Amino acid sequence: MIRAIIYGIVFLFSFQFVSAQSLPEVKLDEAWKEKIRDLAPEKPTFPISKKKKVLVFSLHTGFNHWVRPHTEELVKILGEKSGAFEVISSRDIDYMELKNLKKFDVLVLNNTNSKPDKRNLFWDELKNQSYRDSAAIMQKALELEENIRKYVSDGGGLLVLHGGNTILNNSMDFSRLLGGSFDYHPPQQAFQVRLENPNHPLVQAFSPEGFNHVDEPYFYKNAYEEGDFTPLLYFNNSEITGQREGQEKTDGKTYVAWIRPEGKGKVMYASPSHNAQSFDNPQLLQFFLDGMQYVAGDVECDETPIGKMKP
């Protein structure tokens, strides 16, 4: 506990002095894992009926986030230390078959970035593996996409982290399932992440003023403008530098994390984090664990969508 407090103080102090630049890669070793174990919550926030099974899917065909293996370990540590989840990880596309997905209570899409041409991870991977013609490959890719939607609708939980939202970025159906698609991000920078509703049970990990965070500030498109989700965290657009020329947002807010129900299941998107350094924030670790409990069905909370946003 003392070490966890020290780590937290170091995190808060160091982030005050980070300029708008990429953070260095962090070595994934036992020392890092032990630090995260110290920082991770001792127990789940919400009552659990049983230990739930979690699949962390980390296949990528496009941009390779160096934080992917750290995020895998993070989810495993959160599950193990809290006793709430049994976690396995894989990059095997066969896990996206519906019969395999149904073995798990929660699917975590961990930076499952697709290639820019089609923005379809399943197409990319099937094309790498198969000699079938393009029409057959796309038919199978669409089947795997439908498997995820059916999995959630039938009661599964979906947690999508950072670049995981690009897995099927051109699909409007998947965008509606998730609540939005990736558009672009300005350069990494320090910005204040704020709480949409400080009374919401899923943001109780944070101080009322939110937290300072170094990351890629994501902007979104497609179903995002429909606002069919309950926002949890946001940043003020006016505080973000380096926005796309001609599309600068000088007022309003952009959401960093949100939730939504889908059929019998639950969905959560969380933009943090591009950097393993973010996991030195114990408040963020508590938030991730609480989010895992939400998509696993352990949390009763407000799920009122905000509705269509102004352009």
Side-chain angles (χ1 to χ4, degrees), residues 23 25-30 32-33 36-37 40 52-81 85-98 100-116 118-129 141 144-145 147-149 151-152 156-169 171 174 177-178 181-182 185 215-216 218 257 267-279 284-285 287-289 291-292 295-296:
L23 298 180
E25 293 189 20
V26 173
K27 184 178 181 181
L28 178 56
D29 54 17
E30 284 304 316
W32 185 85
K33 294 178 187 178
I36 299 302
R37 289 189 190 101
K52 306 289 179 67
K53 296 188 68 174
V54 176
L55 170 64
V56 183
F57 187 60
S58 301
L59 176 67
H60 80 287
T61 55
F63 184 82
N64 182 15
H65 283 88
W66 64 262
V67 77
R68 279 186 315 117
H70 300 75
T71 305
E72 282 186 4
E73 290 299 327
L74 167 69
V75 176
K76 289 177 180 178
I77 290 169
L78 291 174
E80 178 184 356
K81 187 174 179 181
F85 299 100
E86 175 187 346
V87 181
I88 72 164
S89 60
S90 178
R91 294 167 176 78
D92 187 348
I93 198 173
D94 286 345
Y95 273 101
M96 297 300 102
E97 297 291 350
L98 191 57
N100 294 325
L101 282 174
K102 287 185 173 181
K103 297 174 183 177
F104 299 92
D105 301 288
V106 173
L107 169 63
V108 178
L109 297 180
N110 168 29
N111 287 293
T112 46
N113 290 70
S114 56
K115 292 181 179 179
K118 289 189 181 297
R119 280 297 195 194
N120 187 316
L121 182 91
F122 299 146
W123 162 274
D124 296 340
E125 182 66 6
L126 290 167
K127 194 164 181 63
N128 287 339
Q129 295 181 3
L144 296 178
E145 176 183 344
N147 287 348
I148 294 180
R149 293 201 300 270
Y151 163 77
V152 177
L158 178 63
L159 174 60
V160 180
L161 299 176
H162 196 56
N165 59 354
T166 73
I167 183 172
L168 297 159
N169 208 54
S171 167
F174 187 79
L177 172 68
L178 183 56
S181 305
F182 173 76
H185 67 77
D215 211 325
E216 301 164 329
Y218 273 19
V267 178
M268 177 173 176
Y269 175 70
S271 176
S273 174
H274 184 84
N275 304 299
Q277 288 87 339
S278 300
F279 302 152
L284 194 59
L285 302 192
F287 175 70
F288 286 141
L289 179 59
M292 289 168 64
V295 298

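Source: prediction; values computed, not measured.
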Looking at [X] and [Y], would you say the former's side chain and the latter's main chain have a donor-acceptor pair under 3.5 Å?
X	Y	answer
R91	H60	no
H70	V26	yes
Y151	E97	no

Around atom CD of E80, are there more than 12 heavy atoms from other residues, nucleotides or ligands closer than 6.0 Å? no
Rounded to the nearest 0.5 Å, what separates atom [atom1] in [X] from atom [atom2] in [Y]?
X	Y	atom1	atom2	result
L101	D94	CG	CG	11.0 Å
E145	L121	CD	CG	11.5 Å
T166	F174	OG1	CZ	9.0 Å
S273	N111	OG	CG	9.0 Å
N110	R68	CG	CZ	7.0 Å
N128	K115	CG	NZ	5.0 Å

Should L158 and Y269 be marked as a side chain to side chain contact (heavy atoms under 4.5 Å, CB included) after you check the CA-CA gap, both sets of side-chain angles, and the distance that decides it? CA-CA 8 Å; L158 178 63; Y269 175 70; over 6 Å; no
Does any non-hydrogen side-chain atom of [Y] lie less than 4.5 Å from one of [X]?
X	Y	result
M292	L159	yes
H162	T71	no
L78	F85	no
H274	V67	no
S114	I167	no

Exercise: identify the closest heavy-atom pair between [X] and [Y]:
X	Y	value
N120	A141	OD1-CB, 4.0 Å
D105	K52	OD2-CA, 3.3 Å
L284	S278	CD2-O, 3.7 Å
W66	A276	CH2-N, 3.3 Å
A40	K81	O-NZ, 2.9 Å
L126	I93	CG-CD1, 4.2 Å

Side chain to side chain contact (heavy atoms under 4.5 Å, CB included), that's the test. Do M96 and L55 meet it? Break it down for me. CA-CA 10 Å; M96 297 300 102; L55 170 64; 4.1 Å; yes
I36 and E73: side chain to side chain contact (heavy atoms under 4.5 Å, CB included), yes or no, with the steps? CA-CA 9 Å; I36 299 302; E73 290 299 327; over 6 Å; no
Do K53 and F104 meet the cation-pi criteria used here (NZ or CZ under 6.0 Å from the six-membered ring centre, within 45° of the axis)? yes
Residues two or more places apart in sequence or in another chain: which of them pass ring pair (Phe, Tyr, Trp, His ring centres under 6.0 Å) with F182? Y218
Does the pair V108 and F288 meet the rule for a side chain to side chain contact (heavy atoms under 4.5 Å, CB included), with working shown? CA-CA 11 Å; V108 178; F288 286 141; over 6 Å; no
Candidates N147, L144, I88 - the one meeting side chain to side chain contact (heavy atoms under 4.5 Å, CB included) with Y95: I88
